[in-house]
Amino acid sequence: MKFVAVTSCPTGIAHTYMAAEALEQTGKAAGHEVVVETQGSIGSDPIDQAVIDAADGVIFAADLEVKGRERFAGKPTIDVGVKRAVHEPAKVVAEAVAAVESGVVTAPAAGAVSGGPGTKVDKNASTLTKVRQWLMTGVSYMIPFVAAGGILIALSFMLAQVAWGGAEGAIEVTKLDAATVFASFDPTSLQEWSVVLLKTGQLAFGFLVPVLSGFIAYAIADRPGLVPGFVGGAAAGFVGAGFLGGLVTGFAAGFLALWISRWKVPKGLRGVMPVVVIPLLSSFVIGILMLVVIGRPIASAMEGLSSWLTGLSGGSSVLLGLLLGAMMGFDLGGPVNKVAYAFAVTGLATEGLAADATQYKIMAAVMAAGMVAPLAMALATTVRKNLFTEIERENGKAAWLLGASFISEGAIPFAAADPWRVIVSSVVGSAVTGGITMAFGSTLVAPHGGIWVLPLIGNAFGFLVALVIGTLVTAAIVIVLKSMRDARAVAEEEVVDPIAATA
Amino acid sequence: MATPLITADLVAVDLDATDKEAVVAVLADKLAAAGRVSDAAAFAADVKAREAQTATGMPGKIGLPHAKSAAVLAPSLAVATVPNGVDFGGPDGAATLVFLIAAPAEGANEHLQILAKLARKLVNPTFTGSLRDAGDAQSVSDIVNEAVA
């Protein structure tokens with residue numbers, strides 16, 4: 001008989017290949033042909049589909065989710081752990097022969113959605129490892145959105161500079177109403193093209209928190225988790241809860257969907273459970289959780305923070321800079337960050353400001369601080385590659401551009417994957433930058449733009465010095481904190497990369 | 001490849017040890033002494049963590065501790081023969097032949113391919129038998145390097 005097999009193991013360097021060799025040799029000895037696809041740390045060399053089609057049966061000797069499982073659909077399949085293939089390959093081959101002879105095509109195991117997106121989840125891992133793997137699944141699906149959206153926005157700022165002939169282009173482009181522009185789009189206008197880039201980037205950014213939340217829930221509960229996860233993430237965005245809110249909804253939605261999908265329901269209902277009942281119930285509950293239960297305290301806390309900040313504005317400007325910086329670095333686009341940013345932007349609208357008004361200094365401090373986290377993560381991934389996963393290192397490259405463009409979201413994938421280490425370091429470095437910028441008295445009249453509006457910054461040199469110092473501080477702290485944890489964690493997260501797997 | 005997978009000073013013949021931690025510690029120290037692992041203790045901890053997931057004992061009284069670790073500087077193999085045997089959770093009793101595989105946390109593909117080639121060899125009883133009978137460290141390392149060349 002002809003068999004195709006897939007082998008994989010947690011580390012991907014030993015058992016994957018031992019099992020492959022054992023199956024091939026044992027098969028040969030018993031007069032069968034076994035073609036093995038090793039899904040190990042070298043990556044895998046997919047078996048030719050024609051070979052799969054010609055095979056009589058399939059052997060999965062995989063401890064990880066089989067990549068591209070749908071390629072093997074419809075064939076008699078046995079699913080054994082990688083260990084059995086090493087220890088008793090003869091028995092495994094005999095079982096495969098028996099499966100072919102009985103002609104039973106085993107249905108994909110409940111939960112293993114054939115053809116669904118990959119996850120990083122190793123079913124045999126410890127709880128702590130699993131939590132990290134759920135997180136990493138969400139993060140790894142979010143990263144391409146961060147990169148695509150962020151780079152589009154940065155490109156838009158660059159193009160706007162050309163289109164408007166100066167640094168104010170980065171400001172002007174955000175003032176145009178996108179809908180009006182598209183209603184009478186002029187393909188010869190660079191200004192309008194920059195609006196297209198900006199809008200597309202912003203739309204991509206709109207998916208950050210839903211994708212994060214949705215794929216955490218997917219990793220936990222499989223397909224039933226997707227709907228409540230995405231809805232919860234969108235709700236977190238709507239109430240301004242940011243990526244931290246998205247982490248909450250991701251886990252809540254995942255466990256809720258998992259729980260509901262395990263209910264014992266009458267046969268008649270079973271068919272509509274995955275399509276109607278689970279998405280309906282779980283989305284409803286997550287919606288209530290986010291909009292009603294969590295939404296209101298967040299809103300009132302934001303309000304409290306704002307008025308507290310207003311009360312502080314009379315005091316020491318360096319302290320205010322430190323505080324605003326810390327807030328910018330805390331949740332990277334979440335509620336605390338928004339309060340600090342809104343505080344600065346609202347100040348800009350004050351009538352009759354002098355060129356060196358405190359309001360302009362605050363804006364400069366807030367923008368500098370908001371650039372620290374992504375730049376520092378980019379730096380850290382460059383100088384200490386081994387502390388980050390492959391996909392984080394790739395994201396680090398985009399983070400340079402995002403940080404330089406004052407797109408704090410560039411750091412979210414890092415913060416979501418390892419919240420406390422990244423947030424602690426980001427808060428400290430951003431606060432340092434905020435404080436120093438205030439001390440230097442740099443000013444900024446524009447609400448955003450990053451280095452693209454450098455010509456509009458008063459004392460731009462001081463601004464840059466403050467930015468570099470804070471970036472170095474954050475990068476140093478995150479490197480120290482990450483070095484202290486088990487190096488093993490990174491290796492585990494590297495085990496399966498769903499993006500690479502589906503690419 | 002510039003550095004061979006194994007050299008004679010990474011082989012412990014007729015090691016006297018009572019448990020698998022001791023064997024791993026001896027071999028990890030050898031790797032560190034050879035400059036292939038930056039921190040023997042950290043690497044041993046990574047191996048232990050992998051061991052905790054599933055035992056690595058194999059049929060044929062073989063123990064196969066291994067880990068991908070940030071402490072590993074060059075992909076390496078260290079081998080010990082333990083006549084009295086130490087338990088690696090294998091199906092046919094205590095392991096008398098122990099392979100410790102050290103893989104870097106991130107490595108060039110060619111390195112990982114060599115380790116994959118080695119892993120395939122390890123299920124071949126003729127190969128493992130020849131190592132068991134080799135008698136001295138130099139022959140063990142020669143046999144391995146030849147097998148993965």
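Source: prediction; values computed, not measured. Quick note on labels: first sequence line is chain A, next is B, and so on, each numbered from 1.
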field: A/Phe72: partners by ring-ring contact (aromatic ring centres under 6.0 Å, His included), with sequence neighbours left out
entry: A/Phe60
statement: Listed by number, the residues in residues 55-62 of chain B that come under 4.5 Å of chain A (heavy atom to heavy atom) are B/Ala55, B/Thr56, B/Gly57, B/Met58, B/Pro59
message: Quick one, A/Glu24 with B/Arg120, criterion salt bridge (Lys or Arg N to Asp or Glu O under 4.0 Å). Give me CA distance, side-chain angles, the key distance, then yes/no.
response: CA-CA 10 Å; A/Glu24 285 170 9; B/Arg120 282 178 173 271; 3.2 Å; yes
message: Between A/Thr16 and chain B, with a heavy-atom cut-off of 4.5 Å, which part of the residue counts as in contact: side chain, backbone, both or neither?
response: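 Contact with chain B involves no heavy atom of A/Thr16 at all.
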query: What are the two closest heavy atoms between A/Ala14 and B/Ala119, and how far apart are they?
result: O-CB, 3.4 Å
- prompt: Under the ring pair (Phe, Tyr, Trp, His ring centres under 6.0 Å) rule, what pairs show up with a residue in residues 52-90 of chain B, not counting sequence neighbours?
  reply: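 Of all non-adjacent pairs touching residues 52-90 of chain B, those that pass ring pair (Phe, Tyr, Trp, His ring centres under 6.0 Å) are A/His15-B/His66.
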task: For chain B, find its close neighbours in residues 83-91 of chain A: heavy-atom separation under 4.5 Å, sorted by number, or none.
output: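 The list, in residue order, reads A/Lys83, A/Val86, A/His87.
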Approximate separation, where rounding is to 0.5 Å, of B/Asn124 CG and A/Met18 CE: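 Taking CG in B/Asn124 and CE in A/Met18, the distance rounds to 12.5 Å.
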